[in-house]
Amino acid sequence: MNFVEDLKWRGLIKDISSPALEEKLNKGGLTFYIGTDPTADSLHVGHLSSFLISKRLKEAGHHPILLVGGGTGMIGDPRPTAERAMISKEEVKKNFEGLKAQVERLFGFEVVNNNDWYKDINIIDFLRDYGKYFNVNYMLDKDIIRRRLDTGITYTEFSYMILQALDFKYLHENKGVDLQCAGSDQWGNITAGIDLIRKSTGDEVFGFTMPLVTDSQGHKFGKSEGNALWLDKNKTSAYKLYQFFVNVEDSMVIDYLKIYTFLPKEEIERLEKSNKEQPELREAHKALAKEIITFLHGKEEYDRAINLTEHLFQNKFQDLSKQDIEDLFGNEDIKEIEANKNILDVLVGVGAASSKREAREFVGNNAISINGEKITDMDKVIDETMFIEGSYIVVKRGKKNNYIAKMK
RNA sequence: GGGGGGAUACCAGAGCGGUCAAAUGGGGCAGACUGUAAAUCUGUUGGCGCAGCCUUCGGAGGUUCGAAUCCUCCUCCCCCCA
């Protein structure tokens, strides 16, 4: 199976600018780029699939460049629904530094900043040198713009595709970039760049996109309770990330293994069989979570996540020492609460319930346990003796939600 | 510029003077069943000192014993005509 066949098997190719690209991809030696705007100081799970493709390309002998849009980040890539809130220049700068460090560490890509070339282009040159290549009719015809016409789009965001096209041209001319890859929402911007380069230089460059990763309902994949799952372990702990992937739906787990891991076809097919024949072993899920956590955070963090998982899900708290707890929960959010408080106050204090009314509901539903012991009495007082070595309690809500608190 | 319709809890959407903390559906959360899966069923989904009280129905005033419901002004959205 050659490289492109493998990509196709993994379901990683959606749009491809020219069939001629396939042969080039198999051959190796291309310099390509992938871009992201510094909207936050860390990547999240939503970015992961396209960055992993870049990693695959790198391993297939191509040279990756990551463009972090220090300039485009100040403009805002149009979303299908509504205008973006502008990010302050300081924020963009801070985010840029965060992303640069993260990507260099995780992926080892060369990082460039489009602000470095924008700063030398004045407005008249911009309109003369680039604006002339963009007929407004052409721009209006792009799906992303068309979807915004009824709700409105500002001139600022409307201009975004010109900037991204300009990036492609700049990198083509100065870095020898001949290929851009991205998620499918970037297709319009990619083709804008390909067209600009063809019209202005006559050169043929390429682009391809990968499909948006979704769950079985077609919803965008990679959010937990509506919140982003960050690739920075200080923002989303390895344990939380592990839990997210180990809980993925059966019907999707094989697709995700193809997208998010470098496991070979034979191994994934074996896991597929295992999932079908002995689903209760959850082998495929565990492999998925393991591969991702080890790749992002290393073996040690993975081991901690597993260890924590075992203690939390098997209610093994009695044998834990204070030190064990500190080691295990080191990266989790540890709240401080006072002893001798009513269970309802504890639940709210630890974040397990958002109000006492809700706390009552959880206790009434038999959903709460402390250090593995079910609590059914609303008037239960959590005294010092319940804190492990006078320090910690582990509050569990439902099957999967755990909270740790330290005695104040 | 003229005419009309609308803004209700996370979302959609009923309510159109008291019985409204506000129907119904979706989503969320929890329980049961399981495999930390899916589907299904059940409960729950403003807050609190919880058989009671407090704050909510775009914003500000007003009428009334009493307003999400009526009146005035303001803000925003949609539709039709020019």
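Just so it is clear, the structure is predicted and the values come from calculations on it, not from any experiment. Lettering of chains follows the sequences in order, A, B, ..., and the numbering in each one begins at 1.
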A.B. asks: State, without any angle test, whether A/Asn366 and A/Lys374 hold a side-chain donor-acceptor pair at a distance under 3.5 Å.
C.D. replies: no
A.B. asks: Determine whether the side chains of A/Gln164 and A/Gln186 contain a donor N or O and an acceptor N or O closer than 3.5 Å.
C.D. replies: yes
A.B. asks: Tell me: CG of A/Asp250 to P of B/U36, nearest whole Å?
C.D. replies: 12 Å
A.B. asks: Give me the distance, rounded to whole Å, that separates B/G46 from B/A21 when you measure between the P atoms they each carry.
C.D. replies: 13 Å
A.B. asks: Expressed in angstrom and rounded to an integer, what is the separation of A/Asp345 atom CG from B/C50 atom P?
C.D. replies: 12 Å
A.B. asks: Below 4.0 angstrom from OP1 or OP2 of B/G31, is there any side-chain N or O of A/Lys400?
C.D. replies: no
A.B. asks: Of the nucleotides B/U36, B/A38, B/A30, which one has an atom closest to the side chain of A/Gln243?
C.D. replies: B/U36
A.B. asks: Tell me the interatomic distance from A/Met378, atom CE, to B/A30, atom P, rounded to whole angstroms.
C.D. replies: 16 Å
A.B. asks: Both A/Glu310 and A/Arg360 contact RNA chain B. Taking the nearest nucleotide for each, which residue is further toward the 5' end?
C.D. replies: A/Glu310
A.B. asks: May I ask you to verify whether the side chain of A/Arg357 and the base of B/C48 hold a donor-acceptor pair under 3.5 Å?
C.D. replies: no
A.B. asks: Could you give the distance separating B/A23 and B/A14 at their P atoms, to the nearest angstrom?
C.D. replies: 14 Å
A.B. asks: Can you check the A/Lys356 NZ to B/G49 C1' distance for me, whole Å?
C.D. replies: 8 Å
A.B. asks: With both distances under 3.5 Å as the test, what is the Watson-Crick or G-U wobble partner of B/G49?
C.D. replies: none
A.B. asks: Using the P atom on both, measure B/C73 against B/G25 and round to a whole Å.
C.D. replies: 39 Å
A.B. asks: Find out whether A/Ser49 and A/Tyr260 are in side-chain contact, i.e. whether some heavy atom of one side chain is under 4.5 Å from a heavy atom of the other.
C.D. replies: yes
A.B. asks: For the C1' atoms, the ones on B/G59 and on B/G47, what distance do you get once it is rounded to whole angstrom?
C.D. replies: 23 Å
A.B. asks: Suppose you measure atom P in B/G15 against the same atom in B/A32; what distance do you get, rounded to whole Å?
C.D. replies: 39 Å
A.B. asks: Send over the distance from A/Asn402 CG to B/C29 C1', rounded to a whole Å.
C.D. replies: 16 Å
A.B. asks: Check the side chains of A/Tyr170 and A/Asp116 for a donor-acceptor pair under 3.5 angstrom, ignoring hydrogens and angles.
C.D. replies: no
A.B. asks: Starting the side chain at C-beta, find the nucleotide from B/C29, B/G35, B/U36 nearest to A/Glu280.
C.D. replies: B/G35
A.B. asks: Grab the NZ-P distance between A/Lys223 and B/C10 for me, whole Å please.
C.D. replies: 19 Å
A.B. asks: Verify the distance criterion only: is there a donor paired with an acceptor across the side chains of A/Ser200 and A/Lys169 at less than 3.5 Å?
C.D. replies: yes
A.B. asks: For A/Ser354 and A/Ser216, take the nucleotide of RNA chain B holding the closest heavy atom to each; which residue's nucleotide lies nearer the 5' end?
C.D. replies: A/Ser216
A.B. asks: If I take atom NZ in residue A/Lys399 and atom C1' in nucleotide B/C29, what distance separates them, rounded to the nearest angstrom?
C.D. replies: 13 Å
A.B. asks: Provide the Watson-Crick or G-U wobble partner of B/U36, both distances under 3.5 Å; none if there is no partner.
C.D. replies: none
A.B. asks: Taking the minimum atom-to-atom distance to the side chain of A/Asn401, which one of B/U36, B/G47, B/A30 wins?
C.D. replies: B/A30
A.B. asks: Starting the side chain at C-beta, find the nucleotide from B/C29, B/G43, B/G47 nearest to A/Arg397.
C.D. replies: B/C29
A.B. asks: Please work out if A/Ser355 contacts a base, only the sugar-phosphate, or nothing of the nucleic acid, heavy-atom cut-off 4.0 Å.
C.D. replies: sugar-phosphate
A.B. asks: Taking the six-membered ring for Trp, are A/Tyr33 and A/Phe168 closer than 6.0 Å centroid to centroid?
C.D. replies: yes
A.B. asks: For nucleotides 25-28 of chain B, list the nitrogen or oxygen atoms of the protein found under 3.5 Å from its nitrogen or oxygen atoms, one pair per line.
C.D. replies:
none

A.B. asks: Is a side-chain donor-acceptor pair under 3.5 Å present for A/Tyr133 with A/Asp195?
C.D. replies: no
A.B. asks: Tell me which nucleotide among B/G35, B/U36, B/A38 gets nearest to the side chain of A/His285.
C.D. replies: B/G35
A.B. asks: Could you identify the nucleotide paired to B/A30, looking across every strand shown and requiring Watson-Crick or G-U wobble geometry with both distances under 3.5 Å?
C.D. replies: B/U42
A.B. asks: For the residue pair A/Tyr239 and A/Arg304, confirm or rule out a side-chain donor-acceptor distance under 3.5 Å.
C.D. replies: no
A.B. asks: In the structure shown, which nucleotide is the Watson-Crick or G-U wobble counterpart of B/G25, with both distances under 3.5 Å?
C.D. replies: B/C11
A.B. asks: Whole angstroms only, please: what is the CG-P distance between A/Asn366 and B/A32?
C.D. replies: 7 Å
A.B. asks: Rounding to an integer number of angstrom, what distance separates B/C53 and B/C20 when you compare their P atoms?
C.D. replies: 15 Å
A.B. asks: Would A/Phe313 count as stacking on B/U36 if stacking means ring centres less than 5.5 angstrom apart and planes tilted under 30 degrees?
C.D. replies: yes
A.B. asks: Between A/Gln243 and A/Thr309, is there a side-chain donor-acceptor contact under 3.5 Å, judged purely by atom types and distance?
C.D. replies: yes
A.B. asks: May I ask you to decide if the ring planes of A/Phe244 and A/Phe221 are parallel, tilted or perpendicular, using 30° and 60° as cut-offs?
C.D. replies: tilted
A.B. asks: Work out how far the C1' atom of B/U72 is from that of B/C79, and round it to whole angstrom.
C.D. replies: 25 Å
A.B. asks: Watson-Crick or G-U wobble partner for B/C16, using a 3.5 Å limit on both distances?
C.D. replies: none
A.B. asks: Between B/C10 and B/C48, how many Å separate the two P atoms, rounded to a whole number?
C.D. replies: 15 Å
